[in-house]
Amino acid sequence: MIELRDIHRTYRIGESSVHALRGVSLTIGQGEFIAIMGASGSGKSTLMHILGMLDKPDSGEYRLLGRDVRNLPEDELATLRNNVAGFVFQQFHLLKRMSLVDNVRLPHIYSGERGDCRAGAMERLTMVGLGERAMNTPNQLSGGQQQRVAIARALVRDPMIVFADEPTGNLDSHTSAEIMRILQELHREGRTIIMVTHEQDIAAYAERVITMSDGKIVRDERTPAAEHRTPVAQAAPDIASSVSGWGNGRFAGFVTQALQSIMANKVRSFLSVLGILVGVASVIAMMALGRGAQVSMEEQLTSLGSNLLSVRGGSSTFRGAAQGAGSVTRFTFRDVERIAALKGQVSHAAGVVSGSAQLVYGSANWSTTLEGVGMDYGIMRSMLPDVGRWFTDAELKRREKVAIVGVSVVKELFGTGVNPVGKTIRINRINFTIIGIAPAKGFTGHRDADDVVLIPVTTAMYRVLGKDYLDRIYVEASAPSVIDRAIEEIDRVIRRAHRLDEDDESFSIRDMTEIQEMLSSTTRTMSMLLGSIAAISLLVGGIGIMNIMLVSVTERTREIGLRKAIGAREGDIMLQFLVEAVGMTLTGGLIGILAGIGVAWGLSVFAGWSVQTSLYSVLLATGFSVLTGLCFGLWPAKKAAALKPVEALRYE
Ligand code: ADP
Ligand code: MG
């Protein structure tokens, strides 16, 4: 069944090299029970690793069931190990965090076969006398019991050959005898047993003893035990069968293992995902703020009207401190006419005065903002009533007592369900007739734009407020492209009319696009700031994940070796660690999303900022955390997958 011819194996450590096997030739028949004996360092383990396909010889031939296995790729060797070999090691190599039954069925998850194999694992456990302890973990058992679990694991795939390297090396003589009786039983069932030992009485259980010395076989003899036995033929399995699939819960297994591993190091895992958490939280908060700012800005701008300029007396305080002091230019209707006459640049102009007003209707009383506005104001600021109508030219000329009220005023004075159009109210003790309701604008900034009453500018100046000048003039430029030109022209016209010097600062022209730009540049700066915090946090978080994954790979080197020995392919190991990395970043990301939403909510409630969390940002953040896990988990996972099974198993 097994044919070795002239096998050499040399270990190289830097300059020096150890010639561990120097030309070993060996034929092993099916159903044999072989003990490999020899002094420490004689090459027993090296030979067993080559026989078990855990290691490759440097030269020589190896045929298993007639098939040359020397040049098979790693993954095929893994499949072969999974299908035909069971391993029992001196150090047991059980996975500490898993229950016994999960340990035993571990080879099954790499087999590609369906089912979770729980029944099979239970059957093997019962066979080694540990059926009742199935849900215990390995460290709740004695050494002998642990080795029995390891034997159960070696048997779960019904292997043709069982390899045992010093299976009793860590056990006392009584438990050693128990273990040997189990191996003998397996041998009686027809399995091939290849066992390495350096103890004479252990070797006596075998039927053939091979003695090694200095990398060579020096003796090969049959023991008296061989006489009593008639070999049982076992059907040779299809060693090439390799099913790969997800149907057997392989992926689910990885997920549970990843979760177990994360939960076993809670604090460490949490600390290493902090970076991701902060990064994701700032992405969420950033996008909520950015979106909120944009929405409220758009609202404000539509309520202001487009291409709007405002001309007002007094110096400009727009860019921070006042730039001049003292005189104020007072505007008249003549100025409005002069500005309106700037055809080409200006499409509308309207004078405005404002003050406060006490409104009375019946017993209801309300104080609000009074705006005296010119004819074009309605169009410019989209204030034309949906209910009722705007002022007429004649009403404006005759200073008539007509009013348009905002919806908040209607609610305060009339309550709901009453049409106020046509009703008479008192504004600062003067009777006015309501002719319309201004369209609802909602809150702009901190002010209720609907808490207002509009009356003709002439009425306001001469009948209500007692002013003979305008507070400001609103101007609408005919197109965004001519705004600059319009500002120049208006400036020129006003300076000429009022005989002002070039450097006179007694009036100012404000451009709404300036406000718009200032607002959007503020949000842009803030978004960039938060965006870079997010990017840096994700990078740092990613490096944190990579670091902890490298630690995890190092810590679990022997686990990786064991998994590879029992048939895990490179892809399986890689996937396991990737799942773990992504599991961590995703957990961090989800906590980060909650934190980000919390921060956004806090900013809106306590600082009054307008925020809008979007599903898009949540999806983006989730995507980002998965991506970080994949990117930064890749290298550690690759490193784990590339480990050689023998070296990994030896790792201390
Ligand atoms: P045994 O199992 O009989 O004690 P081994 O097969 O483990 O012997 O080792 C045979 C020789 O090869 C020893 O001299 C040992 O030091 C050497 N050796 C084994 N494994 C390695 C390795 N990974 N790197 C370097 N030398 C090794
Ligand atoms: Mg050894």
Side-chain angles (χ1 to χ4, degrees), residues 2 4-26 28 33-60 62 70 74 77 81 85-93 143 146-147 150-151 154 161-171 176 179-180 183 193-206 208-221 553-554 557-565 639-640 642-652:
I2 290 178
L4 287 189
R5 194 165 307 147
D6 198 27
I7 294 287
H8 285 263
R9 178 74 172 95
T10 306
Y11 296 106
R12 288 194 178 75
I13 318 155
E15 296 293 293
S16 68
S17 59
V18 181
H19 209 155
L21 292 182
R22 306 160 183 257
V24 171
S25 298
L26 182 62
I28 298 173
F33 186 170
I34 295 177
I36 302 175
M37 291 211 41
S40 177
S42 54
K44 309 183 292 292
S45 296
T46 307
L47 176 59
M48 202 207 79
H49 292 150
I50 287 174
L51 286 170
M53 292 162 290
L54 293 169
D55 194 11
K56 288 182 179 182
D58 297 320
S59 65
Y62 179 6
R70 206 168 90 72
E74 283 297 331
L77 287 177
R81 288 195 294 270
F87 292 94
V88 179
F89 301 96
Q90 183 176 353
Q91 301 89 344
F92 323 137
H93 289 310
Q146 291 192 40
Q147 194 60 301
I151 293 175
I161 316 165
V162 174
F163 295 95
D165 192 351
E166 309 261 13
T168 60
N170 285 2
L171 306 175
S176 296
I179 295 296
M180 289 318 296
L183 288 179
I193 315 273
I194 300 175
M195 173 182 73
V196 167
T197 180
H198 60 268
E199 288 170 67
Q200 198 67 52
D201 49 340
I202 295 296
Y205 284 91
R208 178 179 169 192
V209 177
I210 292 169
T211 312
M212 294 192 67
S213 175
D214 279 337
K216 282 187 181 140
I217 295 178
V218 292
R219 220 170 22 245
D220 183 350
E221 55 197 8
V553 169
T554 311
T557 301
R558 291 212 286 174
E559 174 190 328
I560 296 164
L562 182 271
R563 286 176 183 275
K564 293 199 110 180
K639 220 179 119 160
L643 286 172
K644 295 241 176 307
V646 184
E647 284 163 26
L649 278 171
R650 262 175 202 272
Y651 184 85
E652 291 298 331

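Just follow the structure's listing: the first ligand is 1, and inside any ligand the first atom is 1.
- The shortest contact between atom 6 (O) of ligand 1 and any protein heavy atom is with T46 OG1, 2.5 Å.
- Remark: the backbone N or O of D6 is paired with a side-chain donor or acceptor of S25 at under 3.5 angstrom.
- With a cut-off of 2.8 Å, the Mg ion (ligand 2) has no N, O or S atom of M48 in range.
- When only non-hydrogen protein atoms are considered, atom 2 (O) of ligand 1 lies nearest to S45 OG, 2.7 Å.
- Checking only distances, G41 does come within under 3.5 Å of ligand 1, N or O to N or O.
- In this pair, H8 and H19 present their aromatic rings tilted. The plane angle is within the 30 to 60° band.
- A heavy-atom separation below 4.0 Å is not found between G38 and ligand 1.
- Classified by interplanar angle (parallel below 30°, tilted 30° to 60°, perpendicular above 60°), the ring pair H93/F89 is perpendicular.
- Close contacts between ligand 1 and A20 involve ligand atoms 10 (C), 11 (C), 12 (O) [criterion: under 4.0 Å to a heavy atom].
- For I13, every heavy-atom contact with ligand 1 shorter than 4.0 Å involves the side chain, none the backbone.
- A 4.5 Å side-chain heavy-atom check between F33 and M195 finds at least one atom pair inside the cut-off.
- Between D165 and S45, the shortest heavy-atom distance links the atoms OD2-OG, 3.0 Å.
- Around NZ of K56, the count of heavy atoms belonging to other residues, nucleotides or ligands within 6.0 Å exceeds 12.
- Distance screen at 4.0 Å: atom 15 (C) of ligand 1 has no protein heavy-atom neighbour inside the cut-off.
- Rounded to the nearest 0.5 Å, atoms OG1 (T10) and CZ (R22) are 8.0 Å apart.
- The closest approach between a heavy atom of R650 and any atom of ligand 1 is below 4.0 Å.
- Taking all atoms of both residues into account, the shortest heavy-atom contact from T197 to A35 is CG2-CB, 4.4 Å.
- Shown here, atom 8 (O) of ligand 1 is in close reach of the protein: a heavy atom of it lies under 4.0 Å off.
- Taking the side chain as every heavy atom from C-beta outward, V209 and D220 never approach each other to under 4.5 Å.
- Those atoms of ligand 1 that come under 4.0 Å of a heavy atom in S40, given as number and element, are 4 (O).
- At a heavy-atom distance under 4.0 Å, only side-chain atoms of V18, from C-beta outward, approach ligand 1.
- Atom 27 (C) of ligand 1 has its closest protein heavy atom at Y11 CD1, 3.2 Å.
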